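Take a look at the structure below.
Below, chains carry the letters A, B, ... as their sequence lines are ordered, and counting in each starts from 1. Everything quoted here is computed from the prediction, not taken from an experiment.
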2 protein chains.
Amino acid sequence: MSDEQRELQRLDISRHAVRLFAERGVAATSGEQIAQTAGVSERTLWRCFRTKESCVEPLLTKAIEAFRAALHTWPADTELTEHLREAYEVVPDWSSDTDAEAVLAVIRMTLDEPALRAAYLMLRERAEDTFAEVLAERTGVEPDAFVLRAQAAAVSAVFKVATDRLAVDAAASGISTEVLDRHREQLANALSLVTRGLSDASRPRADG
Amino acid sequence: MSDEQRELQRLDISRHAVRLFAERGVAATSGEQIAQTAGVSERTLWRCFRTKESCVEPLLTKAIEAFRAALHTWPADTELTEHLREAYEVVPDWSSDTDAEAVLAVIRMTLDEPALRAAYLMLRERAEDTFAEVLAERTGVEPDAFVLRAQAAAVSAVFKVATDRLAVDAAASGISTEVLDRHREQLANALSLVTRGLSDASRPRADG
DNA sequence: GCTTTATTGGCAGATGCTGCCAGTAAAGCT
DNA sequence: AGCTTTACTGGCAGCATCTGCCAATAAAGC
């Protein structure tokens, strides 16, 4: 089975798992139920996911991937604020993507379910690597330099806070254009504060 | 039993658990073994810790608490860089504290053991709240403002990267004064990049 | 000394998760 | 097509993790 097919299977299971988690809670949902709902045996479920909580990963990855993609296309001569304003959609094909609500719902769930939050934080940390690569390519600093890793982690952290806010705002007032725009604006502003040092950081330092 | 006594019990168990984890690995260490080594029943172990991986929390908390304490005493008229240089010790009473090596060892373990890493990241995120409080008191912005939470998360993220580096450096070249100083210096520099926007952020914004 | 309360330990049991093997289907070779 | 090889799945056994419940013990209050 190809990697892509495997990923599709994981995503399919993820959708069912998130729905069950939302309906009756994480604790009240067993691996057996997830497997049954997704139409696979329990054995294959555990082959796809190490724990039942990690069943939410494929959907959560969508949100992170959307931001990474936007960051990746950030032109060298543009302000990050400006670039995000036109290039960042929380989910790439937001309007047509039926997963949009599910993604925000699961992010909201992570706020109350520690095990889900832990899985979420792990995903985000893995994303820091790719953020660092993007920043490295941009600044010319080697990707493993301390300053660069620190900046990447900071960017990721700001992005996390913004996404959490969006998730609860969307639950309160729906996924309106205003909410989304506000989210982008807040995120871009906070990021520009944190990345302000980027040009300084691009000059190699003794302690890098 | 007082909260303090409970915390001492947790710390005691934590020491035993970390030693076992280091000796034979996390997977090869059962909750029963941890309980037995710590001299309590398995039942009380599960009353103190939700999972066997969370047995490392009390020791990890020490490292985070040390930084929080340093941040807390940051005077308003001082540069963070300068303050950390004189106020921050990775573990408060480093030289006399026999837990110092254990703390760094468990941080190193989190780099290879996903379940431990997840527990670590959860602890760090809880600490963001207290960072935000400190920054709020300092800047006068309400603690829940988005910019402030973002800054707190960024500070926490930079601190995380620095601590990870310290842990592997200390394993390679021992816990020497040079390593510790270098750590403080890197941390302070990176933090000053990230907190550079703090004075701007203290002016209330429409989207805060 | 007696009652009340809090903490612990043991036991039963559900759930999470893994190793192993057999069944099955797809893909390649002749 | 027929055969072989390979890869994936499902079922089962079994250990480990974690929880609810109750009894035992100890501490605290009267």
Side-chain angles (χ1 to χ4, degrees), chain A residues 1-58 106 109-110 112-120 122, chain B residues 1-14 16-58 109-110 112-120 122:
Chain A
M1 181 182 270
S2 72
D3 286 359
E4 188 189 4
Q5 273 178 323
R6 170 71 68 185
E7 212 42 55
L8 283 178
Q9 184 182 32
R10 280 171 53 92
L11 180 58
D12 183 56
I13 295 177
S14 186
R15 292 195 180 101
H16 291 287
V18 166
R19 191 165 45 79
L20 289 177
F21 286 165
E23 283 172 2
R24 52 187 104 171
V26 178
T29 306
S30 69
E32 192 182 358
Q33 288 173 319
I34 299 176
Q36 204 168 340
T37 310
V40 295
S41 79
E42 200 181 339
R43 191 61 189 83
T44 43
L45 175 70
W46 299 133
R47 262 194 275 263
C48 290
F49 299 99
R50 293 186 69 247
T51 69
K52 75 171 174 182
E53 287 83 9
S54 59
C55 289
V56 301
E57 288 179 2
V106 61
M109 276 192 269
T110 68
D112 295 318
E113 298 274 357
L116 293 190
R117 190 68 179 178
Y120 186 39
M122 290 292 286
Chain B
M1 180 182 269
S2 72
D3 287 358
E4 188 189 4
Q5 273 179 321
R6 171 71 69 187
E7 213 40 57
L8 283 178
Q9 183 184 33
R10 280 171 54 91
L11 181 58
D12 183 55
I13 294 177
S14 185
H16 291 286
V18 167
R19 191 165 45 79
L20 290 177
F21 287 165
E23 284 172 2
R24 53 187 103 169
V26 178
T29 306
S30 70
E32 191 183 358
Q33 288 173 319
I34 298 176
Q36 204 168 340
T37 309
V40 295
S41 80
E42 200 180 337
R43 190 64 189 81
T44 43
L45 175 69
W46 300 131
R47 261 194 276 262
C48 290
F49 298 99
R50 293 186 70 249
T51 69
K52 74 171 175 181
E53 287 83 11
S54 59
C55 289
V56 301
E57 287 178 4
M109 276 191 270
T110 67
D112 295 318
E113 297 274 357
L116 293 191
R117 190 67 179 180
Y120 186 40
M122 289 292 286

Indicate whether OP1 or OP2 belonging to [N] is found under 4.0 Å from a side-chain N or O atom of [X].
X     : N     : result
B:T44 : C:dG9 : yes
B:R6  : C:dT8 : yes
B:Q9  : C:dT8 : yes

[X] [atom1] to [N] [atom2]: how many Å, rounded?
X     : N      : atom1 : atom2 : result
A:D12 : D:dT9  : CG    : P     : 13 Å
B:E7  : C:dT7  : CD    : P     : 14 Å
B:L45 : C:dT8  : CG    : C1'   : 13 Å
A:E42 : C:dT18 : CD    : P     : 11 Å
B:K52 : C:dG16 : NZ    : P     : 17 Å
A:E53 : D:dC18 : CD    : P     : 10 Å
A:W46 : D:dC15 : CH2   : C1'   : 15 Å
A:I13 : D:dG10 : CD1   : P     : 9 Å

(message) Working to the nearest 0.5 angstrom, can you tell me the gap between A:E7 CD and A:E4 CD?
(response) 9.5 Å
(request) Measure the CH2-OG distance between B:W46 and B:S41 for me, rounded to the nearest 0.5 Å. (result) 11.5 Å
(request) Could you please spell out the steps behind the side-chain contact (heavy atoms from CB on, under 4.5 Å) verdict for B:C48 and B:Q9? (result) CA-CA 8 Å; B:C48 290; B:Q9 183 184 33; 3.6 Å; yes
(request) Step through the shown structure and confirm whether more than 12 heavy atoms of other residues, nucleotides or ligands are within 6.0 Å of CZ on A:R50. (result) no
(message) Assess the residue pair A:L116 and A:Y120 against the criterion (side-chain contact (heavy atoms from CB on, under 4.5 Å)); give the C-alpha distance rounded to whole Å, side-chain angles, the decisive distance to 0.1 Å, and a yes or no.
(response) CA-CA 6 Å; A:L116 293 190; A:Y120 186 39; over 6 Å; no
(message) I'd like to know if A:R43 reaches the base of C:dG19 with its side chain such that a donor and an acceptor end up less than 3.5 angstrom apart.
(response)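 Checked by distance alone, the answer is yes.
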(request) Could you check A:R47 against B:R47 and say which one's nearest nucleotide on DNA chain D is further toward the 5' end? (result)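 Nearer the 5' end of the strand: A:R47.
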(request) Identify, between B:T29 and A:C48, the residue whose nearest nucleotide on DNA chain D lies closer to the 5' end. (result)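 Its nucleotide being nearer the 5' end, the pick is A:C48.
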